[in-house]
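Sequence positions, counted from 1, serve as the residue numbers for this chain.
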Amino acid sequence: MLRMSVAAREYLMLGDDIKIVFLGGSGKHMRIMIDAPREINVVRSRVLEKEIPEQERAKLPKYYAQEEHPEKYKKKSNVIITGGNRENH
């Protein structure tokens, strides 16, 4: 599974013909736009889970948002400020 942070108006390409645009959001909601060929079936997880029997639904993986990214995912800065001057290393 790929995990990434994106800014509003950034997009992902899946193959040559599926584009997912991140429009932004607020609170717990994220707005996206999906540009895909009509032959591609796009279904929300909420809809899929309703069709699965309760005992099978319990076995499905659950994904939860994390408030803070783990330290290993944070970008390391290479900028050192010495005597009021910025130096890139």
Side-chain angles (χ1 to χ4, degrees):
M1 171 149 324
L2 173 65
R3 177 185 172 152
M4 65 176 62
S5 298
V6 294
R9 304 291 177 199
E10 280 190 301
Y11 63 90
L12 296 175
M13 291 298 299
L14 303 178
D16 294 331
D17 54 357
I18 300 173
K19 182 177 186 178
I20 301 174
V21 182
F22 298 88
L23 301 174
S26 60
K28 296 181 180 180
H29 300 279
M30 171 63 74
R31 292 185 318 273
I32 63 170
M33 179 173 58
I34 301 170
D35 183 13
R38 289 188 181 271
E39 307 83 51
I40 302 294
N41 191 17
V42 178
V43 183
R44 291 175 69 143
S45 61
R46 204 182 293 184
V47 174
L48 290 174
E49 290 174 2
K50 285 181 182 178
E51 297 176 3
I52 298 173
E54 185 66 36
Q55 59 272 30
E56 292 297 319
R57 202 175 315 157
K59 297 176 187 176
L60 292 175
K62 299 292 180 193
Y63 301 101
Y64 301 96
Q66 292 183 354
E67 294 298 320
E68 184 65 31
H69 293 297
E71 194 64 35
K72 67 181 183 178
Y73 295 118
K74 292 184 179 178
K75 185 177 180 181
K76 305 287 190 248
S77 174
N78 291 332
V79 176
I80 300 173
I81 299 175
T82 57
N85 297 321
R86 283 179 65 160
E87 298 176 13
N88 288 324
H89 293 279

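Here the closest heavy-atom approach between residue R44 and residue R46 is recorded as NH2-NH2, 2.9 Å.
Side-chain contact between L14 and I20 is present, with at least one heavy-atom pair separated by less than 4.5 Å.
Note: the hydrophobic cluster containing F22 also contains I18 (ILVMFWY, side chain heavy atoms under 4.5 Å, direct or indirect links). Linking Ile, Leu, Val, Met, Phe, Trp and Tyr whenever their side-chain heavy atoms come within less than 4.5 Å leaves V42 and M13 in two separate clusters. Hydrophobic clustering (side-chain heavy atoms under 4.5 Å, transitive across Ile, Leu, Val, Met, Phe, Trp, Tyr) keeps M33 apart from L12.
For the atom pair I32 CD1 and K19 NZ, the distance stands at 13.5 Å (nearest 0.5 Å). The line from CD1 of I40 to CG of D17 is 6.0 Å long, rounded to the nearest 0.5 Å.
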